[in-house]
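Because only heavy atoms are used, hydrogens play no part in the values below, and waters and symmetry mates are left out as well, while side chains stay in. Lettering of chains follows the sequences in order, A, B, ..., and the numbering in each one begins at 1.
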Amino acid sequence: MPELPEVEVICRGIQPHLVDRTVTAIFHNGKQLRLPVPVDLLRREMIGCRITAVTRRAKYLQISLDSGAMLIIHLGMTGNLGFFSSESEPAKHDHVRWTLDNDTELRYNDSRRFGAIHILKSQETQDREETVFKTTGPEPFHAAFSPEYLHQLAKGKNLTVKVFIMTTQVVAGVGNIYASESLFRAGILPARKVQTISKKGWGKLVAAIREILQQAIDCGGSTISDFLNARQEKGYFQANFKVYGRQGEPCPTCQEKIENSRLGGRSSYFCPRCQS
DNA sequence: CAAGTTACCTGACGGC
DNA sequence: TGCCGTCAGGTAACTT
């Protein structure tokens, strides 16, 4: 489900419902996510605390508390967050619920359980870039994500460009869908080796990644099978996919058939005429 | 040490 | 109808 745009959409959606609310109770259905859910610690660090901010770093949501503690949520492939009346019956795969002081609940739903929930104590939040995000690259919208940076980092590497931009250490938040779409926009084949890309090529790619991610955020994200925002509404950027999931269909630019090949174990879609 | 593979888990879909 | 294989938005721990 979520790449950077979907996480950003959820972040903006839950923020107004969470800020200035106090956590009154936390429930866990006992199921382990990618990591065990630290329920006892969550209760100790969150109950009675007021939420002060909701932010995003890479594909992680960061929920700050007035105690200085911070809840960090990763949605994995199928994770989602939504608000419900605390009276209503939890849905299948609602693994964790945070009850708030206005009788609503934030609910974490995740059928495949590839997500993760962490809590940082007050004294651990300040240096999280050096701990939690030690291996996470720059945000795509940040100035540090520059053509020079990519050109430098690519030196001596024998990777394909698609695998490269999907690597967390290189840049945060670019997943399988937006990697294919950005490479199409930049006119670069997914299988191109990073060594062969010029500074100008990296410039095109940086611009393409930013434009695609921004458009997707503006569209409320992409709903492939089950993504919903905090108000349980679908995103509609999938209507703007030029290549993702479209193998065999004509390229929207030149009518050549879109192809699909596997790179790093992931489906990669491209136009063999527009991209080189 | 870089690069490729596997594992985690549920659900949808196509073929038989 | 159901059984089987394959695939799916991510990440980290393995192996080569």
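- Within the shown strands, nothing qualifies as a pairing partner of dG9(C) under the Watson-Crick or G-U definition with both distances less than 3.5 Å.
- You'll find that the side chain of Arg34(A) is closest to dA12(C), out of dA12(C), dT10(B), dA3(B).
- dT6(C) and dT6(B) have their P atoms separated by 13 Å, given to the nearest Å.
- With respect to Lys242(A) and Glu181(A), no salt bridge is recorded, no charged nitrogen being found less than 4.0 Å from a carboxylate O.
- Between Glu8(A) and Arg12(A) there is a salt bridge, with a side-chain nitrogen of the basic residue lying less than 4.0 Å from a carboxylate oxygen of the acidic one.
- Looking at Thr78(A), its side chain does come within 3.5 Å of a backbone N or O of Arg112(A) through a donor-acceptor pair.
- Nucleotide dG9(C) holds its C1' atom 11 Å from the CD1 atom of Ile10(A), rounded to whole Å.
- Rounded to whole Å, the separation between the P atoms of dC9(B) and dC3(C) comes to 22 Å.
- Nucleic acid contact class of Ser267(A) (heavy atoms, under 4.0 Å, all strands): sugar-phosphate only.
- Counting only heavy atoms from C-beta on, Arg112(A) has its side chain closest to dT10(B) among dT10(B), dG4(B), dA12(C).
- For the pair Glu181(A) CD and dG9(C) P, the interatomic distance rounds to 12 Å; values are reported in whole Å.
- Residue Lys92(A) is in sugar-phosphate contact alone, with no base atom involved, counting any heavy-atom pair closer than 4.0 Å across all strands shown.
- With centroids closer than 5.5 Å and planes inclined by less than 30 degrees as the test, Phe114(A) and the base of dC8(B) pass as a stacked pair.
- Asp110(A) comes within contact range of no nucleotide atom at all, as no heavy-atom separation falls under 4.0 Å.
- Contact annotation: His93(A) does not reach the phosphate of dT10(B) (side-chain N/O to OP1 or OP2, under 4.0 Å).
- At least one side-chain nitrogen or oxygen of Arg266(A) sits closer than 4.0 Å to the OP1 or OP2 atom of dG10(C).
- Side chain to side chain, Glu105(A) and Ser86(A) fail the donor-acceptor criterion of an N or O pair below 3.5 Å.
- Per the geometry, CG belonging to Leu75(A) stands 19 Å off P belonging to dC9(B), to the nearest Å.
- Base-pair partner of dC9(B): not found among the strands shown (Watson-Crick or G-U wobble, both distances under 3.5 Å).
- The side chain of Arg262(A) contributes no N or O atom lying less than 4.0 Å from OP1 or OP2 of dT6(C).
- Here Lys157(A) does not reach the OP1 or OP2 of dA2(B): none of its side-chain N or O atoms lies under 4.0 Å away.
- Spacing between atom CG of Asn80(A) and atom C1' of dG10(C) amounts to 15 Å, rounded to whole angstrom units.
- Atoms CD (Gln32(A)) and P (dC9(B)) sit 8 Å apart, rounded to a whole Å.
- When only modelled atom types and interatomic distance are considered, Tyr178(A) and Glu6(A) share a side-chain donor-acceptor pair under 3.5 Å.
- Between dT11(C) and Tyr60(A), no contact under 4.0 Å exists linking OP1 or OP2 to a side-chain N or O.
- At the heavy-atom level, Phe237(A) lies nowhere under 4.0 Å from the strands shown.
- When ring centroids are compared, Phe133(A) and Tyr60(A) come within the 6.0 Å threshold.
- Atom P of dC7(C) sits at a distance of 14 Å from the matching atom of dT5(B), rounded to the whole Å.
- For a distance-only test at 3.5 Å, the side chain of Arg113(A) fails to qualify as a donor-acceptor partner of the base of dC9(B).
- Nucleotide dT6(C) holds its C1' atom 14 Å from the CD atom of Gln247(A), rounded to whole Å.
- Rounding to whole angstrom units, CG of residue Leu81(A) and C1' of dG9(C) are separated by 15 Å.
- Leu228(A) has its CG atom 18 Å from the P atom of dG9(C), to the nearest Å.
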